Enquirer: 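Mind having a look at this structure? Questions to follow.
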Amino acid sequence: MEALVSSNDVLFVLLGAIMVLAMHAGFAFLEVGTVRKKNQVNALVKIMVDFSVSTIAYFFIGYSIAYGVNFFSGAEVLAAKNGYDLVKFFFLLTFAAAIPAIVSGGIAERAKFNPQLAATFVLVGFVYPFFEGIAWNNHFGIQNWLLLTFGAKFHDFAGSVVVHAMGGWIALIAVVLLGARSGRYGKDGRLHAYPPSNIPFLALGAWILTVGWFGFNVMSAQSIQGISGLVAVNSLMALVGGTLAALMMGKNDPGFVHNGPLAGLVAVCAGSDVMHPLGALVTGAVAGVIFVWAFNQTQNRLKIDDVLGVWPLHGLCGAWGGLAAGIFGAKALGGTGGGEAGISFMSQLIGTGLGVCIALAGGFIVYGTIKKLVGIRMGIEEEFDGADLSIHKIVSTADD
């Protein structure tokens, strides 16, 4: 019987890992569809290579920092429990690799290739697992302190803060240090429009991410016994809320419409296991509003050239998700109250704030150091020619 449970858990977590792995294709096509045509190849290559570098960094360093587990044992030992520990690593790796995939969208069209790979290695090997260990493995006693002080630990079921807010706030630092794309803002400060190159690819990326997200959220239970239809339906309601809010706020703009479900899903990750579906709908709708408003503010008023809007989408909506879990997870608003573990808004506020601070500090150290040592931005001519020709010596489609 135990062997059957173990094998079922392995299959469950493995399917989740595969679904989240597929989400990286979503990241790629979302970026391909958003950037200008001369940078499409670079978007595809970046996501693939970043994932590979992330795997090396997380396998040898990051996973050990977060969970104190390494794989320097014989294959016979690793295969125990049907290899559950290995597929758990695979699943959590796909989360870790989302950090550089998120950053990639913000720094698109003008970032050097090799320095970004170095940043990926350090972020996934050291910065991300540092906070992951605090939130998901009780490092430094912070969770226990929150439990004693506010009656509940910081709750982030599937990574609104641990993954998305971390990635988004790191990306903000990278984007600011990198500077805007050449010609993006005129001397008078006026924004020059760089419209998406391919709306169907952008939409394809959004759909792949949306479908894969059910693996991201539901399989975060990490065992077949922990599976919950509540998580699935809350994810559904949040993506719907985000889509409709972005449709209205964005005035039918297809870029906003297809990022709306992603905003909702980012926000619902943390509390998807404790909210009522109506709470998830509101959480998603608020996230859709936050994304459209913040994207416009970032580009127009703050003059921060975040190409895919990853700071509004992942950074701000992720932070909102951390707080929303503390609001809509409460029994008074139809939530479960967090069950035996409990849920506390103050714990959510402090945990979310800590994640943002670690992301900002880590992003500044990593990208600031690389900028000083080797530079992080392509030359003016290289940027003008596009990353495809400058870095990869080929364009995305041959001329007819």
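Counting from 1, the numbers follow the sequence of the chain as shown. The structure presented is a predicted model; accordingly, all values stated were derived computationally and were not measured.
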Enquirer: Does N8 have any side chain to side chain donor-acceptor pair (under 3.5 Å) partners at least two apart in sequence or in another chain, and if so, which?
Expert: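 Partners of N8 under the side chain to side chain donor-acceptor pair (under 3.5 Å) test: none.
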
Enquirer: I'd like to check Q348 versus V161 (side-chain heavy atoms, cut-off strictly below 4.5 Å). Are they in contact?
Expert: no

Enquirer: Assess the residue pair Y128 and V162 against the criterion (side chain to side chain contact (heavy atoms under 4.5 Å, CB included)); give the C-alpha distance rounded to whole Å, side-chain angles, the decisive distance to 0.1 Å, and a yes or no.
Expert: CA-CA 8 Å; Y128 168 76; V162 176; 3.9 Å; yes

Enquirer: Do I376 and Q116 have side-chain heavy atoms sitting under 4.5 Å apart?
Expert: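 No, their side chains stay 4.5 Å or more apart.
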
Enquirer: With a cut-off of 6.0 Å (strictly less than), are more than 12 heavy atoms of other residues, nucleotides or ligands near CZ of F384?
Expert: no

Enquirer: Going by salt bridge (charged side-chain N to carboxylate O under 4.0 Å, His left out), name the pairs with one or both residues in residues 253-264, residues two or more places apart or in two chains.
Expert: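 Salt bridge (charged side-chain N to carboxylate O under 4.0 Å, His left out) check on residues 253-264 returns no pairs.
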
Enquirer: Which pairs with one or both residues in residues 99-115 pass side-chain hydrogen bond (donor to acceptor under 3.5 Å, both in side chains), sequence neighbours excluded?
Expert: E31-S104, R36-E109, N39-E109, K46-S104, E109-R181

Enquirer: Listed by chain and number, what are the side-chain contact (heavy atoms from CB on, under 4.5 Å) partners of I327, not counting sequence neighbours?
Expert: W320, L333, F345

Enquirer: Can you see which heavy atom on I65 is nearest to which on H139, and at what distance?
Expert: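 Looking at all heavy atoms of both residues, the closest pair is O-CE1, 2.8 Å.
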
Enquirer: Between D388 (side chain) and N42 (backbone), is there a donor-acceptor pair under 3.5 Å?
Expert: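 A pair under 3.5 Å: yes.
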
Enquirer: Using modelled atom types only, decide if a donor and an acceptor are shared between the side chain of Y185 and the backbone of Q299 within a distance under 3.5 Å.
Expert: yes

Enquirer: With a 6.0 Å cut-off on the ring centroids, do F121 and F60 count as close?
Expert: no

Enquirer: Nearest 0.5 Å, what's the CG-CG distance between L302 and N296?
Expert: 11.0 Å

Enquirer: So which residues get pulled into M248's cluster when ILVMFWY side chains under 4.5 Å apart are joined, directly or through others?
Expert: none

Enquirer: State, to 0.1 Å, how close V103 and A174 come at their nearest heavy-atom pair, and which atoms those are.
Expert: CG1-CB, 4.3 Å

Enquirer: Would one find more than 12 heavy atoms of other residues, nucleotides or ligands at under 6.0 Å from atom NZ of K331?
Expert: no

Enquirer: Does atom CD1 of I394 have more than 12 heavy-atom neighbours from other groups under 6.0 Å away?
Expert: no

Enquirer: Group every Ile, Leu, Val, Met, Phe, Trp and Tyr by side-chain heavy-atom contacts under 4.5 Å, then state whether V356 and W136 land in the same group.
Expert: yes

Enquirer: Under 3.5 Å, is there a donor-acceptor pair between the side chain of S347 and the main chain of A152?
Expert: yes

Enquirer: Considering only residues two or more places apart or on different chains, which pairs with a residue in residues 219-246 satisfy side-chain hydrogen bond (donor to acceptor under 3.5 Å, both in side chains)?
Expert: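 Qualifying pairs, neighbours excluded: N217-S235.
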
Enquirer: Would you please name every residue forming a side chain to side chain donor-acceptor pair (under 3.5 Å) with S6, sequence neighbours left out?
Expert: N82

Enquirer: Considering only residues two or more places apart or on different chains, which pairs with a residue in residues 154-180 satisfy side-chain hydrogen bond (donor to acceptor under 3.5 Å, both in side chains)?
Expert: H155-D273, H164-H314

Enquirer: Establish whether V211 and F12 are linked, either directly or via other cluster members, by ILVMFWY side-chain heavy-atom contacts under 4.5 Å.
Expert: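 Different clusters: V211 never reaches F12 through Ile, Leu, Val, Met, Phe, Trp or Tyr contacts under 4.5 Å.
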
Enquirer: If we only count heavy atoms from C-beta on, is the F291 to L316 side-chain gap below 4.5 Å?
Expert: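 Sidechains of L316 and F291: no contact.
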
Enquirer: Would you say that L308 contacts L30 through its side chain, given a criterion of any heavy-atom pair below 4.5 Å between the two side chains?
Expert: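 They are in contact (side-chain heavy atoms under 4.5 Å apart), so the answer is yes.
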
Enquirer: Taking atom CE of M219 and atom CD1 of I224, what is their separation to the nearest 0.5 Å?
Expert: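 Reported to 0.5 Å precision, the distance equals 7.5 Å.
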
Enquirer: If you group Ile, Leu, Val, Met, Phe, Trp and Tyr by side-chain heavy-atom gaps below 4.5 Å, do Y367 and I365 land in one group?
Expert: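 Unlinked, Y367 and I365 end up in two clusters.
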
Enquirer: Measure the spacing between CG of L147 and CD1 of I142 and express it to the nearest 0.5 Å.
Expert: 14.0 Å

Enquirer: With ILVMFWY side chains joined below 4.5 Å, transitively, what does F29's cluster contain besides itself?
Expert: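 V32, L44, F201, L204, I208, listed by chain and number.
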
Enquirer: Which atoms form the tightest heavy-atom contact between V10 and K81, and what is the distance?
Expert: CG2-O, 3.6 Å

Enquirer: Do other residues, nucleotides or ligands put more than 12 heavy atoms under 6.0 Å from I380 CD1?
Expert: no

Enquirer: To the nearest 0.5 angstrom, please state how far the CD1 atom of I343 sits from the OG1 atom of T336.
Expert: 7.0 Å

Enquirer: For A17, enumerate each residue passing the side-chain contact (heavy atoms from CB on, under 4.5 Å) test, keeping only those at least two apart in sequence or located in another chain.
Expert: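 By the side-chain contact (heavy atoms from CB on, under 4.5 Å) rule, A17 matches F90, F91.
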
Enquirer: Dump the intermediate steps for side chain to side chain contact (heavy atoms under 4.5 Å, CB included) on L262 and W213, then the final yes or no.
Expert: CA-CA 9 Å; L262 310 184; W213 225 296; 4.0 Å; yes

Enquirer: Just wondering, do K88 and D9 contact through their side chains at under 4.5 Å, heavy atoms?
Expert: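 No, side chains not in contact.
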
Enquirer: Find out if a path of hydrophobic residues (ILVMFWY) with successive side-chain heavy-atom gaps under 4.5 Å connects L323 to L278.
Expert: no

Enquirer: With the side chain counted from C-beta on, respond yes when I350 and F150 share a heavy-atom pair under 4.5 Å apart, and no when they do not.
Expert: yes

Enquirer: Between Q40 and V35, is the side chain to side chain contact (heavy atoms under 4.5 Å, CB included) condition met? List the steps.
Expert: CA-CA 7 Å; Q40 289 179 329; V35 298; 4.3 Å; yes

Enquirer: What are the two closest non-hydrogen atoms of V53 and L117, and how far apart are they?
Expert: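 Shortest heavy-atom contact: CG1-O, 3.8 Å.
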
Enquirer: Just by distance, do the side chain of Q143 and the backbone of A135 share a donor-acceptor pair under 3.5 Å?
Expert: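 Judged by distance alone, yes, a pair lies under 3.5 Å.
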
Enquirer: With a 4.5 Å cut-off on side-chain heavy-atom distances among I, L, V, M, F, W and Y, is there a chain of contacts connecting L360 to F154?
Expert: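 As far as the 4.5 Å side-chain criterion goes, F154 and L360 are connected within one cluster.
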
Enquirer: Taking only residues two or more places apart in sequence, or in another chain, which ones meet N70 in a side chain to side chain donor-acceptor pair (under 3.5 Å)?
Expert: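 Here no residue qualifies.
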
Enquirer: Could you tell me which non-hydrogen atom of L86 sits nearest to which non-hydrogen atom of L78, and how far apart they are?
Expert: CD1-O, 3.7 Å

Enquirer: Which residues satisfy the side chain to side chain donor-acceptor pair (under 3.5 Å) test with Y63, sequence neighbours excluded?
Expert: none

Enquirer: To the closest 0.5 Å, what do you measure between OG (S52) and CD1 (I47)?
Expert: 11.5 Å

Enquirer: Give the intermediate values and the outcome of side chain to side chain contact (heavy atoms under 4.5 Å, CB included) for residues M23 and T94.
Expert: CA-CA 9 Å; M23 289 175 71; T94 58; over 6 Å; no

Enquirer: Could you tell me whether F364 atom CZ has more than 12 heavy atoms of other residues or ligands within 6.0 Å of it?
Expert: no

Enquirer: About how many Å separate CG of L239 and CG of L281, when rounded to the nearest 0.5 Å?
Expert: 10.0 Å

Enquirer: Answer yes or no: is there a side-chain heavy-atom contact under 4.5 Å between F95 and F216?
Expert: yes

Enquirer: Does NZ or CZ of K251 fall inside the cone over F256's six-membered ring, less than 6.0 Å from its centre and within 45° of the axis?
Expert: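 No, K251 does not lie over the aromatic ring of F256.
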
Enquirer: Provide the closest heavy-atom pair for L123 versus V366 in the form atom of the first, atom of the second, distance.
Expert: CD2-CG2, 4.0 Å

Enquirer: Using a 4.5 Å cut-off on heavy atoms from C-beta on, say whether the side chain of V163 contacts that of C269.
Expert: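 The answer is no; the side chains never approach within 4.5 Å.
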
Enquirer: With no hydrogens and no angle check, is any side-chain donor or acceptor of D385 less than 3.5 Å from a backbone partner on S390?
Expert: no

